[in-house]
Amino acid sequence: IGPALYNVVGRKVGAIEGYKYSKAMKSSGIVWDEDTLKAYLRAPKKYLKGTKMAFAGLRKDADIANVIAYLKAQP
C-alpha cells in the first residue's frame, strides 16, 4: 500500500513520513502537478525508472484526467 494521496497535488515526491519510498522516488526531486501526474499515471515505470510501483498505468486520457480531478478535490 502506498502513501496517503490527500493533498498530493503540489507536494514533493517522498514527503510522507513513515513510508518506505524507492531510492528512485526519494531522489527524483519531482513535485506532483498535473503534468507529472499525467506522465506517471500513464506509465509509472517508464516515467520513473526504479520505482517500486506495481501499477501498470492508465491508457485512456479521460481516466487519467478523472483521477487527477479526484486527487485535486481531496482536502
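Nearest heavy atom pair, residue Pro44 against residue Ala56, reads CD-O, 3.6 Å. Across Leu48 and Ile30, no two heavy atoms sit closer than the pair CD1-CD1, 4.3 Å. Closest non-hydrogen pair, Met53 versus Lys45, comes out as O-CE, 3.0 Å. Here the closest non-hydrogen pair linking Arg42 and Arg59 is NH1-O, 3.2 Å.
Clustering ILVMFWY residues whenever any of their side-chain heavy atoms sit less than 4.5 angstrom apart, transitively, puts Tyr19 in the very cluster that holds Leu71. Val31 is not connected to Leu5 by any chain of hydrophobic side-chain contacts under 4.5 Å among Ile, Leu, Val, Met, Phe, Trp and Tyr, and they are in different clusters.
Thr51 is listed as a side-chain neighbour of Tyr40, based on a closest heavy-atom distance under 4.5 Å. Put simply, the side chain of Val8 does not reach to within 4.5 Å of the side chain of Gln74, judged on heavy atoms.
Annotation for Lys52: atom NZ counts as buried by contact number, over 12 foreign heavy atoms lying within 6.0 Å.
In this structure, Arg11 contributes its side chain and Tyr6 its backbone to a donor-acceptor pair below 3.5 Å.
Shown here are the ring pair (Phe, Tyr, Trp, His ring centres under 6.0 Å) partners of Tyr47, two or more places apart in sequence or in another chain: there are none.
For the atom pair CD1 (Ile68) and CG (Asp33), the distance works out to 9.0 Å, reported to the nearest 0.5 Å.
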